[in-house]
Engineer: 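Before I ask anything, here is the structure I am working with.
Counting starts at 1 for both ligands and their atoms, in listed order.
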Amino acid sequence: MKHFNKRVLVTGGAGFLGSHLCERLVAAGDDVLCLDNFFTGNKQNIAHLLGEPNFELMRHDVTFPLYVEVDEIYNLACPASPVHYQFDPVQTTKTSVHGAINMLGLAKRVRAKILQASTSEVYGDPKVHPQPESYWGHVNPIGFRACYDEGKRCAETLFFDYRRQHGLNIKVARIFNTYGPRMHPNDGRVVSNFIMQALRGEPITVYGDGGQTRSFCYVDDLVEAFVRFMATEDAVTGPINLGNSTEFTILQLAETVIRMTGSRSEIIFEPLPQDDPMQRKPDITLAKKLLDWQPAKALEEGLEQTISYFRGHL
Ligand code: NAD
Ligand code: UDP
């Protein structure tokens, strides 16, 4: 019988990032358990892995306890786009907080390493630019984004308390905007929205004046960082920012997508959603130093692959 490297649990494994991570781990010879409740993820994302002997799919909600035997856990389960996480905000907080408690409890019982998919949203609408890990953030605790931002902040608290109290081997990754194939076409995130609108010839909806900034990381680069982070020694806990540090305005992104798709869509301006951060760009000094990592793919290269995925989707 073939033996696989290690047993790895990926929660949220049928989602955008999770499916790419599962693919990478299966190819590396790990024994992968993909867990998902299919709230925003779907079986199509991992259908190509179902026949692999080292891939297993389990329907489960992380807000309920889980008893499995694994060596490593990547905790990605949580809706990530504002449209989805604001659909049922109470469930979003539960997923982050109860989900973290359950997965940390599991890690403690089986002494597994555990990586948390945290977010740049812990910095809120930042007053420090670019954002280093030492910045504590500027988050509205009662706004529409709070269920996600505060849920993820509380999950970080739990990770560090489990570390201090129970000596767990934790890895906290603060992910900045990431894009690529298998993003949900209707999840309202800016890259998927603009590409779908451009391909359909619909108006490109820029919120506010489009002067707000984001830095976009291609999914393969992020997955590489995940795997490197998981492989670090016990003392490397993070938080570590993971993202691309090249910053664009949303208007620049709209113009780039229109040009690259050859679309005749016009740009229209709509109101800026509440608490929408005005600027965001990671300081990735720590990731470069501790993971020997930096993003390799430029925006236009990554957009090309993403546009061709969405063309196929249509
Ligand atoms: P996604 O919505 O595609 O994936 C999330 C997955 O988690 C989905 O498959 C969903 O069905 C599953 N899920 C949600 N609630 C669950 C629950 N209670 N139990 C089990 N499964 C559940 O989003 P994504 O972009 O792949 O994000 C993955 C993780 O990375 C999330 O934790 C997100 O907060 C984090 N993150 C993503 C980005 C990004 O730009 N993509 C940025 C920062 C952080
Ligand atoms: N945005 C936009 N038009 C859209 C969708 C989003 O102008 O159709 C803007 C949004 O207001 C925000 C930025 O793009 O300033 C990134 O939005 P997204 O939801 O992708 O991620 P987040 O705000 O969480 O970074």
Side-chain angles (χ1 to χ4, degrees), residues 10-22 34-43 45-46 58-64 66 74-86 88 91-92 94-96 98-100 102-103 115-122 125 145 148-149 151-152 155 173-180 182-184 187-197 202-217 219 222-223 226 241-244 248-251 253-254 257 267-280 282:
V10 179
T11 78
F16 161 50
L17 297 181
S19 62
H20 286 272
L21 176 62
C22 286
C34 167
L35 179 151
D36 211 294
N37 71 347
F38 303 117
F39 174 48
T40 51
N42 63 73
K43 288 183 191 160
N45 286 342
I46 39 86
M58 181 179 185
R59 183 193 290 266
H60 180 81
D61 183 326
V62 290
T63 62
F64 296 99
L66 176 73
Y74 290 87
N75 188 35
L76 271 58
C78 185
S81 88
V83 172
H84 287 147
Y85 71 65
Q86 288 168 19
D88 184 349
Q91 176 66 15
T92 299
K94 279 189 189 169
T95 293
S96 278
H98 293 190
N102 289 328
M103 293 308 111
L115 182 147
Q116 167 69 356
S118 190
T119 167
S120 52
E121 290 285 319
V122 300
D125 190 3
R145 295 173 86 105
Y148 183 73
D149 302 5
K152 290 284 189 179
R174 289 186 180 153
I175 306 162
F176 284 65
N177 298 63
T178 301
Y179 70 99
R182 299 196 205 124
M183 286 184 92
H184 200 298
D187 75 0
R189 279 188 272 191
V190 70
V191 174
S192 43
N193 259 17
F194 285 3
I195 294 177
M196 290 301 284
Q197 289 165 342
E202 293 167 357
I204 308 282
T205 54
V206 168
Y207 303 155
D209 63 5
Q212 71 271 36
T213 68
R214 294 293 187 272
S215 313
F216 301 99
C217 184
V219 61
L222 189 84
V223 166
F226 273 174
N241 288 339
L242 300 180
N244 193 313
F248 294 90
T249 67
I250 295 304
L251 197 54
L253 177 71
V257 168
I267 293 176
I268 58 167
F269 294 89
E270 292 188 352
L272 194 66
Q274 194 202 46
D275 297 331
D276 198 282
M278 284 316 292
Q279 49 182 10
R280 188 185 290 149

Engineer: With heavy atoms only and a cut-off of under 4.0 Å, state how Met183 meets ligand 1: side chain, backbone, both or neither.
Structural biologist: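 It is neither part, as no heavy atom is under 4.0 Å.
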Engineer: I want to check something: taking the side chain as every heavy atom from C-beta on, are Gln91 and Thr63 in contact at a cut-off of under 4.5 Å?
Structural biologist: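 Yes, at least one pair of side-chain atoms sits under 4.5 Å.
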Engineer: Asn75 to ligand 1: N or O pair under 3.5 Å?
Structural biologist: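 By distance alone, the answer is no.
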Engineer: Counting non-hydrogen protein atoms only, what is the nearest one to atom 13 (C) of ligand 2? Give residue, atom name and distance.
Structural biologist: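 The closest one turns out to be Ile250 CD1, 3.6 Å.
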Engineer: Would you say the side chain of Leu21 lies within less than 4.5 Å of the side chain of Tyr74, judging by non-hydrogen atoms?
Structural biologist: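 Counting from C-beta outward, Tyr74 and Leu21 do come under 4.5 Å.
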Engineer: As a check for students: among Thr205, Val83, Asn177, Val190, identify the option with a heavy atom nearest to atom 14 (O) of ligand 2.
Structural biologist: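 That would be Val190.
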Engineer: Can you name the atoms of ligand 1, numbered from 1 with element, that are less than 4.0 Å from a heavy atom of Lys152?
Structural biologist: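 Near Lys152, meaning under 4.0 Å from one of its heavy atoms, ligand 1 has 31 (C), 32 (O), 33 (C), 34 (O).
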Engineer: At a 4.0 Å cut-off, with the gap strictly under it, does some heavy atom of Arg189 reach an atom of ligand 1?
Structural biologist: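 Flag set, Arg189 near ligand 1.
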Engineer: Got Leu66 and Asn102 here, is their nearest side-chain heavy-atom distance under 4.5 Å?
Structural biologist: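 The answer is no, as the side chains (C-beta and beyond) never meet within the 4.5 Å cut-off.
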Engineer: Taking side chain as C-beta onward, heavy atoms only, is Tyr207 less than 4.5 Å from Leu272?
Structural biologist: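 The answer is yes, as the side chains (C-beta and beyond) meet within the 4.5 Å cut-off.
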Engineer: Looking at Thr11 and Ala77, would you say the former's side chain and the latter's main chain have a donor-acceptor pair under 3.5 Å?
Structural biologist: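 It does hold such a pair.
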Engineer: Going by the salt bridge (Lys or Arg N to Asp or Glu O under 4.0 Å) test, name the single residue among Arg174, Arg145, Arg214 that passes it with Glu121.
Structural biologist: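 For Glu121, the salt bridge (Lys or Arg N to Asp or Glu O under 4.0 Å) check succeeds only for Arg145.
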Engineer: Checking contacts here: is it the side chain or the backbone of Gln212 that comes within 4.0 Å of ligand 2, counting heavy atoms only? Could be both or neither.
Structural biologist: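 The answer is the side chain.
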Engineer: Drop me the distance from Asn75's CG to Leu35's CG, to the nearest 0.5 angstrom.
Structural biologist: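 One gets 9.5 Å once the value is rounded to the nearest 0.5 Å.
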Engineer: Distance to 0.1 Å, residue and atom name: give those for the protein heavy atom nearest to atom 5 (C) of ligand 2.
Structural biologist: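 Checked against all protein heavy atoms, atom 5 (C) of ligand 2 sits closest to Tyr207 CE1, 3.4 Å.
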Engineer: Whether the side chain of Asp36 engages the backbone of Ala14 through a donor-acceptor N/O pair (distance < 3.5 Å, no angle test) should be reported.
Structural biologist: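 Between the backbone of Ala14 and the side chain of Asp36 there is a qualifying donor-acceptor contact (under 3.5 Å).
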Engineer: Are any of the N/O atoms in Leu35 less than 3.5 Å from those in ligand 1?
Structural biologist: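 Between Leu35 and ligand 1 (N or O atoms, distance only) the closest approach is not under 3.5 Å.
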Engineer: May I ask you to list the atoms of ligand 1 that are less than 4.0 angstrom from any heavy atom of Phe38?
Structural biologist: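 Near Phe38, the atoms of ligand 1 are 11 (O).
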Engineer: Could you tell me whether Pro82 approaches ligand 2 through its side chain, its backbone, both or neither, with non-hydrogen atoms closer than 4.0 Å?
Structural biologist: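 It is the side chain that gets close, since no backbone atom is under 4.0 Å.
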Engineer: Using a 4.0 Å heavy-atom threshold (strictly under), name the region of Glu121 that reaches ligand 2: side chain, backbone, both or neither.
Structural biologist: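 It is the side chain that gets close, since no backbone atom is under 4.0 Å.
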Engineer: Hey, which atoms in ligand 2 end up nearer than 4.0 Å to a heavy atom of Arg189?
Structural biologist: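 It comes down to these atoms of ligand 2: 19 (O), 20 (O).
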Engineer: Can you confirm whether Leu251 sits close enough to Phe269 that some side-chain heavy atom of one is under 4.5 Å from a side-chain heavy atom of the other?
Structural biologist: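 Heavy-atom side-chain distance check passes, below 4.5 Å.
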Engineer: Nearest 0.5 angstrom please: Ser120 OG to Lys152 NZ, how far?
Structural biologist: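 These two atoms lie 10.5 Å from each other.
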Engineer: Counting C-beta onward and ignoring hydrogens, is there a side-chain heavy-atom pair between His84 and His184 closer than 4.5 Å?
Structural biologist: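 Yes, close enough: below the 4.5 Å cut-off.
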Engineer: Tell me whether Arg280 reaches ligand 2 (any heavy atom closer than 4.0 angstrom to a ligand atom).
Structural biologist: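 Yes; Arg280 lies near enough to ligand 2 that a heavy-atom distance drops under 4.0 Å.
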Engineer: Between Gln197 and Thr205, does any side-chain donor sit less than 3.5 Å from a side-chain acceptor?
Structural biologist: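 Looking only at side-chain atoms, Thr205 and Gln197 do form a donor-acceptor pair, the distance falling under 3.5 Å.
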Engineer: Atoms of ligand 1 less than 4.0 Å from Ala80 heavy atoms?
Structural biologist: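 Heavy-atom distances to Ala80 below 4.0 Å select 2 (O), 23 (O), 24 (P), 25 (O), 27 (O), 33 (C).
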Engineer: For Gly99, state whether at least one heavy atom is located under 4.0 Å from any atom of ligand 1.
Structural biologist: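 Not so, Gly99 does not reach ligand 1.
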Engineer: Rounded to the nearest 0.5 Å, what separation is found between the CD atom of Gln274 and the CD atom of Gln86?
Structural biologist: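 CD of Gln86 is found 9.0 Å from CD of Gln274.
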Engineer: Between Thr119 and ligand 1, does any nitrogen or oxygen pair lie at a separation below 3.5 Å?
Structural biologist: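 Between Thr119 and ligand 1, no N or O pair is found under 3.5 Å apart.
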Engineer: Going by the closest heavy atom to atom 36 (N) of ligand 1, which one wins out of Tyr148, Phe226, Phe16?
Structural biologist: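 Closest candidate by heavy-atom distance is Tyr148.
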Engineer: Hey, is ligand 1 close enough to Gly41 that some N/O pair sits below 3.5 Å?
Structural biologist: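 By distance alone, the answer is yes.
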Engineer: With side chains defined as the heavy atoms from C-beta onward, is the minimum distance between Val223 and Leu17 less than 4.5 Å?
Structural biologist: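 Result no, sub-4.5 Å side-chain heavy-atom pair not found.
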Engineer: Just which atoms of ligand 2 are under 4.0 Å from any heavy atom in Val206?
Structural biologist: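 It comes down to these atoms of ligand 2: 7 (O).
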Engineer: Classify the ring geometry between Tyr85 and Tyr148 as parallel (under 30°), tilted (30 to 60°) or perpendicular (over 60°).
Structural biologist: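 Parallel, since the angle between the ring planes stays under 30°.
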Engineer: Heavy-atom contact check, 4.0 Å cutoff: does Ser81 meet ligand 1?
Structural biologist: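 No.
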Engineer: Report the part of Ser120 (side chain from C-beta onward, or backbone N, CA, C, O) that has a heavy atom under 4.0 Å from ligand 1; answer both or neither where that applies.
Structural biologist: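 It is neither part, as no heavy atom is under 4.0 Å.
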Engineer: Check this for me - ligand 1, Asn42, N or O atoms closer than 3.5 angstrom, yes or no?
Structural biologist: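 Between Asn42 and ligand 1, no N or O pair is found under 3.5 Å apart.
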Engineer: What protein heavy atom lies closest to atom 15 (O) of ligand 2? Include the residue and the distance to one decimal.
Structural biologist: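 Nearest neighbour among protein heavy atoms for atom 15 (O) of ligand 2, to 0.1 Å: Asp276 OD1, 2.6 Å.
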Engineer: If you measure from each heavy atom of Ser81 to ligand 2, is any distance below 4.0 Å?
Structural biologist: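 Judged by the 4.0 Å heavy-atom criterion, Ser81 does not count as contacting ligand 2.
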Engineer: For the residue pair Arg280 and Phe176, establish whether any side-chain heavy-atom pair is separated by less than 4.5 Å.
Structural biologist: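 Arg280 vs Phe176: side chains touch.
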Engineer: How does Arg145 reach ligand 2, if at all, at less than 4.0 Å between non-hydrogen atoms: by side chain, backbone, both, or neither?
Structural biologist: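 Only the side chain of Arg145 comes within reach of ligand 2.
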Engineer: Is the contact between Asn177 and ligand 1 made by the side chain, the backbone, both, or neither, using heavy atoms and a 4.0 Å cut-off?
Structural biologist: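 The answer is the backbone of Asn177.
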Engineer: For ligand 1, which is the ligand I care about here, please tell me if Ala77 has any N or O atom under 3.5 Å from one of the ligand's N or O atoms.
Structural biologist: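 No - when backbone and side-chain N and O of Ala77 are compared with those of ligand 1, no distance drops under 3.5 Å.
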Engineer: At what distance is the nearest protein heavy atom to atom 8 (O) of ligand 2, and which residue and atom is it?
Structural biologist: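 Its nearest protein heavy-atom neighbour is Asn193 ND2, 2.7 Å.
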Engineer: Select one of side chain, backbone, both or neither to describe which atoms of His60 lie under 4.0 Å from any atom of ligand 1, heavy atoms only.
Structural biologist: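 Looking at His60 and ligand 1, just backbone atoms fall under 4.0 Å.
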Engineer: Just going by heavy-atom distances, which of Gly15, Gly12, Cys78, Cys34 is nearest to atom 5 (C) of ligand 1?
Structural biologist: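 That would be Cys78.
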Engineer: Rounded to the nearest 0.5 Å, what separation is found between the CG atom of Asn244 and the CG atom of Leu222?
Structural biologist: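 Answer for the CG-CG pair, Asn244 versus Leu222, is 10.5 Å.
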